[in-house]
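Written out below as structure tokens is the structure these notes cover.
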Amino acid sequence: MFEVLIDQFWSLTIAGVALGFIYVLVSLGYTMVYGVLRMINFANSEIFMWGTFGTIVTSRDIFGYSQTSAPATGPKLALVLFSQLLMSMAVAGLTAVFVEFVAYRRLRAKGTNRLATLISAIGISIVLSELMRLLTDSRPVGSPRVLEKIILTEVWGANIRLDTVVTIFAAAAIYFLLERFVKLSRMGKAIRAVSMNEDAAKLMGVNLNRVITTTFLVGGLATGAAGFFYITVFEYTKFNIGFTMGMAAFTAAVLGGIGNIRGAFYGGLFLGLLEVYASAVLGTQWKAVTVFIVLVLVLLFKPNGLFGEAVQTTRA
Amino acid sequence: MKIRNYWNLRDFGANIWEKATRTQRVAIALTSILLVGLLPFMGGSILATPIASFDAVLVYPVGMFVLMSLGLNIVVGKSGMLDLGYVAFFAIGAYTMAILGTTTKMNTWEIMPIGIALAMIAGVLLGIPTLRLRGDYLAIVTLGFGEIVRLVVLNSSWSKGPNGIANIPMPPKIGPLKFELENQKVFFWVVMAMILVTIWMIRRLTVRRPGRAWEAIRQDEDAAELMGVPTLKYKIWSFTLGAAVGGAAGVLYASKNLYIAPEMFTLNVSILILACVVFGGIGNIWGVVIGATILGYLPDRIRFISDARLLVFGIVLVVVMNFRPDGLLPRKKREKKIIERDDNLLKLENVTMKFGGVTALNGVNLEVKRGEILALIGPNGAGKTTVFNVITGVYKQTSGTVTFDGTSLGNQKRYEVTALGVARTFQNIRLWGDMTALENVITATDVHKKSGLVGALFGFPRASIEEEVNRERAHEILRFIGIDQYSDRLAKNLPYGVQRRLEIARALGTSPKLVLLDEPAAGFNPAEKVELAATIRKVRDAGYTVLLIEHDMSLIMGISDRVVVLDFGTKIADDIPSVVQKDPRVIEAYLGVPADAS
Amino acid sequence: MRLEIKDLHVHYGKIEAIKGVSVIVNEGEIVTLIGANGAGKTTMLKTVSGLRPITSGQIIFDGKDISKVPAHERVDLGISQAPEGRGIFPGMTVLENLEMGKFHRKNRKAEMQEDLEKVYHLFPRLKERVGQAGGTLSGGEQQMLAIGRALMTRPKVLLLDEPSMGLAPQMIANIFRIITEINKTGVTILLVEQNAQQALQRAHRAYILETGNIVKEAKASDLLDDPAVREAYLGTGAH
Amino acid sequence: MNKKIQRSLAVVSAAALVFGVAAAQTSANAAPKTVYLAYQGPLSGGEASTGTDEQNAVKYAIKLFNAKNKAKYNVKLVSVDDQGDPAVAGTVAPGIGKNKAILGVVGPAYSGATIASLPFYKAGGLALISPSATRVSLTDPASPDFGGPIFHRVVATDDKQGPALAKWATNGNKAAKVFVFDDQSSYAVPLAGYVTAGLKKVAGASLVGTDSVPNTTTDFAPTIAKIKTSGADVVIYTGYYSQAAVFIKQLRDSGSKAVFAGGDGVFNQEFPKLAGVAAEGSRITGVSGLMDANPKAEAAFKKSMGVSSGVYAVESFDAANIFLEAILKGNTTRAKVLAYVKAYKGTGIGGTTYQFTANGDIKGDGFSGFESVKGVLINKGPVK
């Protein structure tokens, strides 16, 4: 039962960490919005999906890569990858702002019930995914390989691959940037202030609408970055990939303590590892079941997730 | 910013309904049922659904969506728990039917109770550990549960895995009604019957204790708990009832579709049903029915848009939620009701009370407005205390109606009346003497609580937190009444004046809307009376409505907004104090001598 | 006239919470609004600071109608509110909380140190707790922090909502003393209080609010002696 | 009328003979008779691309037919969108079953939707020819899913494909160590079972591991770990091409050189396109597509429909033609159409001979082995 885990432990762990970092970034999309609005941004999964398409469009249509082209090298590689990342973040960020505008703003101004907002968000996520489905004829889209997946070295029998390394380090860097932003920047402080006490924040001269739009934007940027890494590692997308990713990332956010940025970090990594280990030990068909059982157990003992709720607890 | 209700369908409907007599109501109900029952014959009309046959669409998705939405509405709408795994109960019902139907000789109606029971058991098993979670945490856990059920079915051999189960038997005929493949009207009628039963069940529960408990939990779970609602128990109940409806729907669905597979029970179904509930008007039965009907029917009706219809569906959701966030037919709002009901918290209409040959009350009409102090006076034996006893459910009136906050009184148990928001003090002090003042009030705060068995059994940490919060609240009440300094003394050892005030504090402990004070100033000296008057006014100012029996005229004239005078079971005056005081009949019957004599 | 509220109506849903109230606050005054729970006092403050939209009426500040100005912009104009109860940011340190008060000031860098010193001078306790998270302060300290933070915005009018709520008697006296001190530095104060005794002693003028209506307006010292007011709000009872 | 005939002749010269027969049978001035066929499959939702491809082929067949026989028949297509979902199928099927104007159904595309639809079509005596429902039980009289007498299919079943796939995957490997995994779908799980059974008949081959991966998975690291631990040199995936493409890339990137093989779910020219170089050498079983079977027909298709033919194009086209021939022979009731189909014997556009067994399967087991070479799946001939 455990022979796979033992035999391939380090390969699995590296894969789990890479996947985990992608979860971390998508979780941030959920957690940021939850922190300020106390609402699940149900459309975040589709924001992610749009980000993945942004990544592919950049390499395929702007830089003209195809499935058969050779991977990029040198400065060109950096340029293409960076453009892809920016495009993915821009697409996702703008989509997130659009979502806020269409699905949330009016309802928030009215101060109506949370469920209406939830359904509105579900509606917009149906719109986003259906739109993409119609645009792509329900077909999967493969990504040209831009970053060659060179095996850098072998550690304890595990291949250390370039794309995995890039993903882990770049995603971690983006996470820490974001955490710093929320902790130290003026806008970040405003976001935290709103998440702790909306009225008091207003009384300090914080423009609530701007803060909320920024929060969606920042969450969208993180989610978009995740879209880029996802494409770099898996090189594939389809209009419906958001659903699985969204569910996993949301689970990760809740595991860590939704609304808590650091919680998204640990929750994402934890979930990434849990998924690969559980798949290796029990079989992939029981992966989701294991994840949800662990989630229930965690919540039973820590009803606000591993790291407690809300952005407010990210103290200096 | 005012939110106007432009298409006020609910009020329109409610208006007709409320004005109707009993016979008219029965007629309206029967006609509606009949008309809806005739729907399967409307396949050729504008209602027809292209491609899919109309009668089939009426059964699924429309009928099933309505049924499931009503079930989910108990969970989401009534008690405010966000459940994203409702499909699990539907799946459990369906698989029970499929497995038992294909392996045993049992028919649909025999399997139905088993399916319902299994769904309910699943509801309890899921509910006990998870329903302590709030809001979005509960949402993700229920979502997980839904997925677990689907994945277990998908990956197990007893359920035939992804292949699903085919050849599920149709239900045997009921009398002359035969279930047919090509014409599904009988299925539709059965779904309708199940919907009606569910509506009946919800309505019954809603006007009774569980409904109030759910309402309290939905609005403020902590407060509900503080008022003595065993929230976990009621949440599990709500969950389990929802599960039962889902299970029943599943059994019928399997028996109708003849084939089921795990892919039919995805999260999308849960989300869709939730959308039906919120879209129609969460918490409002008719709203939910309409929402589910539209969302079930719409995609089939607009099949001509073909591939883009889901897109249209999404847009419809966003637009409707943005412009009618409470759904098409919103739930009744409390404040609305207050305005509609003319501010009367309590209304006695033509109440007669006979004991053997003695008529204690004779056609008494009495209205108590919200937020007022109403004094009820009259000579001994005039029927004042009888009025209290009728209101609090000690007696049931011989005839006439008593309406409290929109609920008709008369059949409730006494504690149920208390739960509705009526508290009283006693003329002869009836404190729990061997409890401290504080304990007296705490006990009142959890007077609503029935068992707490589950909590006690599993030793939830909340129980002790709850205890702490209750204590805090009791202190607050004592402070409010001004006797906090006596909180740790046994009630029986308190000075008389303090005991009287403690009676009031204890009454407030039950979080009443209406406080009945039975001669609160009995035995007080003038100084104490002044103090009491201030206290009673304070109680009123804090938002309670006060109905008081008192003999002390200076007290009554000083604090009452209105005075009602009874004599021999008949109301002889009802006006502001200064007018009543000068009413010759009152003077003759009661005061005897001009006021200010006491 | 610093602040004028004209025929203000406010609704919560369909319930009218403020039913046509007019209040005037002159430059340099302490004006207090007293009244029972639910009389609408807090609502009044929230409409002045912009947290709650009004149904009709006007709020005039320095001669300008600000009824439609959003809350965060009113701060720039010089209106600052120390909210009721725990209106602080619990996850931020005391210093961060105070710095938030400068969130929108143009010369925030230049003013920061000076104003911090002023606040520390008024509330030496805050200086001791500068690195502590707001949520871990005691009730009295949180109240100080809320007031201090409001002062950081350099208000012309300071709105105080129940500063004495939940405080021990000794602390109450202290807070009111500081309120007077703040007033002496030239800040106009609109004070909402349950503790009518203290409020009337400190204020220049007072309004009595009952279920959304002004029932009385007078010099504070007169109200202290008014028997009806004494009975209703100051307690004629034994304690 | 003569001019019209001539124009028709000019357009489709190949149809001249058939047309002559038909023309002789009808009276000179009769208006064309409108008849209805249906296509049932996923036309919206996540599986829509499969359904759209199939329906395009059906539409093409009808277009050709109507052009040829416009004087006699006007065949109209009813699109029945079941989203590939048995729940939706249960709602649409009653309507189709009742609508006696519809003489035959090409489809349903998916086995689950087929099973859910069957009771209604059986009751209506409506003949079905599915281009892609491969579940064995559909033509197994002992199974509750049995579709007889109305169900037919022009696609070979999993129990024939399983052994073929096992053979083709291990071709040339004397001691193959095989790892089999599926995507948890109702198509892949049974096929994996038949592959496993088929492996037992392959000399020297052994099954060293299995897995079952949700069809939404994109991270195959755990499966690859299992493959490596098991030491497999052949990996068979019984799911669909899009996941296969993601998987094979990851497998190659992990450094594994194991042979990759898949069934007709993977058999799609999109597979090597999506997977790129990683697909090189992959072994797929399937039945020749239009492009492969008849490049000329493919060109005509693209010209007429504006898009290339897609998955199951040949099967869908042939299935539609069986019905169209029945109509042309004057069978315009359901019973007659059904009888005609049951007795049918003919050759499809790809050269396949169609003749249905009593249970609705086609005779013969024409699976070919394909290999991915330079981004194209090349037919290496029938698997023996």
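First the proteins, then the strands, lettered A, B, ... as listed; each starts at 1. The figures here come from the full heavy-atom set of this structure, side chains too, leaving out hydrogens, waters and symmetry mates.
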Contacting moiety of [X], where chain A heavy atoms sit under 4.5 Å:
| X | value |
| --- | --- |
| V152(B) | both |
| L82(B) | side chain |
| L311(B) | both |
| L274(B) | both |

How long is the span from the [atom1] atom in [X] to the [atom2] atom in [Y], to the nearest 0.5 Å?
| X | Y | atom1 | atom2 | result |
| --- | --- | --- | --- | --- |
| F313(B) | E130(A) | CZ | CD | 10.5 Å |
| I124(A) | M321(B) | CD1 | CE | 13.5 Å |
| I293(A) | F145(B) | CD1 | CZ | 11.0 Å |
| L84(B) | I122(A) | CG | CD1 | 7.0 Å |
| L267(B) | F243(A) | CG | CZ | 4.0 Å |
| F279(B) | S120(A) | CZ | OG | 12.0 Å |

Stepwise side chain to side chain contact (heavy atoms under 4.5 Å, CB included) test for F292(A) and V141(B): CA-CA 7 Å; F292(A) 282 120; V141(B) 168; over 6 Å; no
Best-contacting candidate, G327(B), P129(B), G314(B), against chain A by heavy atom pairs under 4.5 angstrom: G314(B)
Option that, when pairs with chain A are counted at under 4.5 Å, heavy atom only, ranks first among L151(B), L317(B), I140(B): I140(B)
Where does [X] contact chain B at under 4.5 Å (heavy atoms): side chain, backbone, both or neither?
| X | answer |
| --- | --- |
| V291(A) | neither |
| R133(A) | side chain |
| I119(A) | both |
| L115(A) | both |

Main-chain N/O of V102(A) paired to N322(B) side chain as donor or acceptor, under 3.5 Å: yes
Residue pair L118(A), V278(B): steps toward the side chain to side chain contact (heavy atoms under 4.5 Å, CB included) verdict: CA-CA 9 Å; L118(A) 185 74; V278(B) 181; over 6 Å; no
With F42(A) via ring-ring contact (aromatic ring centres under 6.0 Å, His included) - residues at least two apart: none
Shortest non-hydrogen separation from A116(A) to P325(B) and the atoms involved: CB-O, 3.1 Å
W286(A) CH2: over 12 foreign heavy atoms closer than 6.0 Å: yes
Heavy atoms from other residues, nucleotides or ligands near CZ of F98(A) exceed 12 (cutoff 6.0 Å): no
